[in-house]
Amino acid sequence: MSPFSSGLPGVLQDAGLVLGLFMSLTIGSYLIRDNFLARLGQYVLIGAGLGYLAVLVWRNVLWPRLFAPLIADPLSWQSPTGSDLSNLWLPILLGVLMWGGGLELLRLPPDRFAGRVLLRLLAAAPAAILGGVVLGVAVSGAVQGTLWPLLAAALQLPQAEAVAAAPGPADSGRAAWLVRLLTLLITGGVLIHLQNGPIAGEKENRTSPSRASSPQEADAGAGGRPNLYRMLILTLLRVWEGIGRRALWLAAGIIFARLVASRFSLALARLDYLLFELPRSDLWQLLWALLRGGGS
Amino acid sequence: MYSFRSGWFNRIFLLIVLTCASLIIASRFGLTFIPPLVSTTLYGWALLLGAFALMLGIANTVRFHLVRVQRGQREWHLSLLLLIVFALVLGAGISSPGGTTGLLSEWIFDAVVAPGQATLYALTGIFLLSAAYHFLRIDRPGGLWILAGALLMLLVQTPFLYRILPDALVDLVDWLLSWPVMAAMRGVLLGGALAVLFISLRLFVNGAK
Amino acid sequence: METGSPLAAFDCPHCGYSNPAASQFCVHCGTNLARRQPPPAPAGESADEPNDLAAAQETAPPRPGVASEGRKPSAGSTDPGAPRTRPHGSSEAEEATGETGKEKPEPDAVRPGPSLGGLGGLLEPADPLAFIASDAGALDPTRDPSTALSGELTTDEEERRQLRQLFSEDLPLPVGARPATTSDTEETARNGNGLQRQFWLEMVLLLGMVGALLWGGQLPPGGAGPHPLPGLEQVHRQIDTLPPNSLVLVNWAYDPATAGEMDLVAKPLIEHLLQRQAKLIVFSQLPGGPATARRVIASAEESLQRPSRTQITANLVIEAGYLPGGAASLPLLGVAPARALPVDPGWVELRERFSIAALGETGPALSLVIAARAEDVRRWLEQVQPLNGGPVVAATSAVAGPAVRPYLHSGQLAGLVSGWDGGAVYVRRLDRARGAAEQGRSLRLASGQNWGVAILILALLLGNLAGLNQRRYR
């Protein structure tokens, strides 16, 4: 148990230890197969998680940010600046609409009662505001935080310190240029791959004999003459996309290895808790002593 | 007749979405006719509405399990247990002046939430092995590249193997991670950002129409 | 023309899971299957379709893509949203479908492309590839619409699907696996998953890890420890050069689910920051984040052997708590951090002591994002850093490291530590003695990783041998 619950009576702390072990073993039993105990553990976890979240949202967000200031000064909406109106009263109105509409949606659809219909319609307003803010931050964030800086980095010379920090063939000035070219090629290739997939080529021809049997034929104009320029571009794109695809595969392999490190750490930490941290507890020591005493 | 699918309703909904999005975008790109206070207020609303939405989600889950218990559906007894645990945790948190920092809530976090979540995720570490056995094969498309990348990284990140590796191989993996793999991931990030941009533009253009 | 019975399975184009034909969404990944059109109607009915569509549009929500493209038939465009009712099957029925597709190109409106399906599109798991490919495909004269209509997943599409699976950090399904149809997968379905688990291998791994933990801690330490990946040195430098009393924003983006790994990365950094007497403003967007942060900070203080927790916490750490709203509320920390903190009177004194108001003008001396997912680092760099402009360092899980490395290269991230190995290297750089228990645990975990990886490599070898063997049989 952490020091944060150490003020509780010893019995409760021991009970917490047993409960933690119970949760670990029941949920861990899923390893053998999906069974009743595993599901029991999961349901308890979800119930506790939901309760914890509800307390957190109420005590840490809604109460201190909204309800407490409103209760402290119920006439704040009359303030000359109007800041409380926009920061407290409007959000609470929208929130109540969201709750009302949401709870209304959980019931059967109304046939006639106009109030219920109106509530359902008005409840869409907070959802729309939330959706609009999400859309706005997603677009502006994607441009300001990813698109622009990463494009700039892709098109610029590698920073001298970054090149120096990376060992290997990128040490010299010429190698830095080569590395820049390579990274640009790979980034472009990945983008082409993500946009078009593998560029149409031999595979497509193999699968559909009824169509043109080669890019040359496909690119042939009305007179049947291949368009060399187009062929060249296609071949170039195909090679470029191939580079990007292979880099993606390599990246996938490296990410998989890192995933292994990540997930093995989680499994090891859990086993370490069961094998080393749990036996250090007083309750465990007592049980162990009792067992040994009973055995002898 | 009442319908959520009616045209005017959708138009108003879309108008609100696009207005809010436009205000945020204009403010983020420094357009002076939008006072910064507007976007700050919208962020504040999003924070509070997010909290309201979470509460609504909790209510929906609770209702779902209540219905299961009422109708005696499959695993209703587990749903009942879930509801009891929920009520106990909620009661413990609300009754304590500290909320989630109260003694009982901290105890619940240590005894139930933390071990449960940790064990659930730890299982993925074990299941990963089966996935690797089936998936990382040399005869699959790109298998050679994926396998090569995985093995190189495994060699370098594993303490025992790293100790016996030649320096050149370690440097190679560092270089791969810093340049080609970084470039590939940059392509993926750029692709994702472009997709977000195009989808949003599409929504804006079609909304405007 | 038949393309399958009404009860036929329907493979998800995104993850390949075999869904019942009536499914609207994929059972496995949630992709919208409604965009897949029903099997093409008999030739005689096709002439009526525009009218049917018009009728349908009266009641349906406005569909931006459909509305803009009108109801004109366009023969040349390809459509990734076309039906793929028999992705792994062969050929004759598909050939027939393809031929029909060529003879009678259907109007765009009848084959809705990957346009947003009304406002629902905001909530659906949109496939960016489909969106981009639809436009690209329309402009590409070399693409044949019959291929798009044939419904056959090509090998290349399978490759892309595999890559998507791998990058989504999900456990991948074997190519072409149809869990509902084979006896093997029926058995695994009873075990609660469709992964074709190798029970014996998993038990070997488990026993190997237990053995390594039990006996690995007793082995003498040797060598230089794990290898530091590029980016770690910069984090150390950034924190080491912080003047005392610097304000540091900490985004705690992990909870107990990933604490087994992330604690190992987060704790040394927090220790270092406390050593430098930085003032930490810690908040989280995960419900379990604040409580996890409290525990790690307490543990870091204990390692530093500080006299009193309350003293340290009151002076150096402010727990701003939980911040709901996801990416939509995150920019608040960039433009008005004071508003992101609770307005409870109890916070007034803390606000003054921590000069929170000044944070909005000058920005923090440093931002630290401790995240189990790359997504959280990306969000911070998109939503907060452009607004406050301060330096950002990240401490991530091992798997998130490669995905955020482009930001390190672009200079948006000033440093990066990732994984348990990053944490283990970082802790050696701290200016403090390590206790026997801490060293023992570190040795145990390293030993567990050694054994785990050894068993994984063995599994890879066996898997490949099994694959070769199966191929020889066929």
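Numbers restart at 1 for each chain; the letters A, B, ... are given by sequence-line order, proteins then strands. Small disclaimer: the values here were computed from a predicted structure and weren't measured.
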Best-contacting candidate, B/Phe109, B/Trp45, B/Tyr121, against chain A by heavy atom pairs under 4.5 angstrom
B/Trp45
Using 30° and 60° as the class limits, which term best fits the ring planes of B/Phe127 and A/Tyr30: parallel, tilted or perpendicular?
perpendicular
Among the options B/Ser105, B/Pro97, B/Gly57, B/Ser27, pick out the one with the most heavy-atom pairs lying under 4.5 Å from chain A.
B/Pro97
Side chain, backbone, both or neither: which part of A/Leu151 has a non-hydrogen atom closer than 4.5 Å to chain B?
both
Tell me, do A/Leu56 and A/Val61 make a side-chain contact under 4.5 Å, heavy atoms counted?
no
For B/Ile108, which of B/Leu103, B/Val89, B/Thr100 qualifies under side-chain contact (heavy atoms from CB on, under 4.5 Å)?
B/Val89
Contact class of A/Ala269 relative to chain B, heavy atoms under 4.5 angstrom
neither
By a 4.5 Å heavy-atom criterion (distance strictly below it), what part of B/Leu176 contacts chain A: side chain, backbone, both, or neither?
side chain
Go through A/Ser262, A/Gly102, A/Ala48 and name the one with the most non-hydrogen pairs under 4.5 angstrom from chain B.
A/Ala48
Measuring heavy-atom distances to chain B, does A/Leu62 have an atom under 4.5 Å in its side chain, in its backbone, in both, or in neither?
side chain
Is A/Arg270 close to chain B through its backbone or its side chain, or both, or neither, when contacts mean heavy atoms under 4.5 Å?
side chain
Best-contacting candidate, B/Ile126, B/Val113, B/Leu49, B/Leu154, against chain A by heavy atom pairs under 4.5 angstrom:
B/Leu49
Name the region of B/Ala132, side chain, backbone, both or neither, that has any atom closer than 4.5 Å to a heavy atom of chain A.
both
Below 4.5 Å from any heavy atom of chain B, which atoms of A/Val57 appear? Answer side chain, backbone, both or neither.
side chain
Is the B/Phe52 ring parallel, tilted or perpendicular to the A/Trp99 ring (thresholds 30°, 60°)?
perpendicular
If we define contacts as heavy-atom pairs under 4.5 Å, which of A/Gly189, A/Ala138, A/Ser86 has the most with chain B?
A/Ser86
Side chains of A/Arg245 and B/Trp145, heavy atoms from C-beta outward: is any pair under 4.5 Å?
no
Find the one option among A/Gly28, A/Gly136, A/Ala125 whose heavy-atom pairs under 4.5 Å with chain B are most numerous.
A/Gly136
Is the shortest side-chain heavy-atom distance between B/Leu15 and B/Thr19 below 4.5 Å?
yes
Can you tell me which of A/Leu274, A/Asn87, A/Val133 forms the most heavy-atom pairs within a distance under 4.5 Å of chain B?
A/Val133
Among residues at least two apart in sequence or on other chains, which ones pass salt bridge (charged side-chain N to carboxylate O under 4.0 Å, His left out) with A/Arg258?
C/Asp421
Answer yes or no on whether B/Arg137 is positioned over the face of B/Tyr133, meaning its NZ or CZ is under 6.0 Å from the six-membered ring centre and within 45° of the axis.
yes
With B/Ser200, which of B/Leu203, B/Val196, B/Leu197 fulfils side-chain contact (heavy atoms from CB on, under 4.5 Å)?
B/Val196
Heavy-atom pairs under 4.5 Å with chain B, option from A/Gly41, A/Gly95, A/Ala247, A/Ala267 with the top count
A/Gly95
So, the part of B/Ser96 with a heavy atom under 4.5 Å from chain A: the answer is backbone
Could you list the residues that satisfy salt bridge (charged side-chain N to carboxylate O under 4.0 Å, His left out) with A/Arg39, not counting sequence neighbours?
A/Asp34, B/Glu75
Please rank B/Leu172, B/Asn60, B/Val170, B/Leu123 by heavy-atom pairs under 4.5 Å with chain A and give me the top one.
B/Leu123
Looking at B/Val62, B/Leu54, B/Ile58, which one has more heavy-atom pairs under 4.5 Å with chain A than the rest?
B/Ile58
Please test B/Leu80 against B/Ile84 for side-chain contact (heavy atoms from CB on, under 4.5 Å), starting from the C-alpha separation and ending with a verdict.
CA-CA 6 Å; B/Leu80 182 64; B/Ile84 292 169; 4.1 Å; yes
Which atoms of A/Ala38 come close to chain B, meaning under 4.5 Å heavy atom to heavy atom: side chain ones, backbone ones, both, or neither?
neither
Are the side chains of A/Ile255 and B/Met185 in touch, meaning some heavy atoms are under 4.5 Å apart?
yes
Is B/Leu152 close to chain A through its backbone or its side chain, or both, or neither, when contacts mean heavy atoms under 4.5 Å?
neither
If the plane angle is over 60° it's perpendicular, under 30° parallel, otherwise tilted; pick one for B/Phe13 and B/Phe9.
tilted
Where does A/Val190 contact chain B at under 4.5 Å (heavy atoms): side chain, backbone, both or neither?
side chain
Checking the side chain of A/Ser29 only, and the main-chain atoms of A/Thr26 only, is there a donor and an acceptor separated by less than 3.5 Å?
yes
What part of A/Val143 lies closer than 4.5 angstrom to a heavy atom of chain B: side chain, backbone, both or neither?
side chain
Are the side chains of A/Leu250 and B/Ile146 in touch, meaning some heavy atoms are under 4.5 Å apart?
no
What part of B/Arg28 lies closer than 4.5 angstrom to a heavy atom of chain A: side chain, backbone, both or neither?
both
Interface moiety of B/Ala87 toward chain A, non-hydrogen atoms closer than 4.5 Å:
neither
Taking B/Val181, B/Leu56, B/Leu90, B/Ile25 one by one, which has the highest count of heavy-atom pairs under 4.5 Å against chain A?
B/Leu56
Side chain, backbone, both or neither of A/Leu150 within contact of chain B (heavy atoms, under 4.5 Å):
both
Does some side-chain heavy atom of B/Trp107 sit less than 4.5 Å from a side-chain heavy atom of A/Leu12?
yes
Output the option from A/Ala142, A/Ala15, A/Ala128 having the highest count of non-hydrogen pairs under 4.5 Å with chain B.
A/Ala128
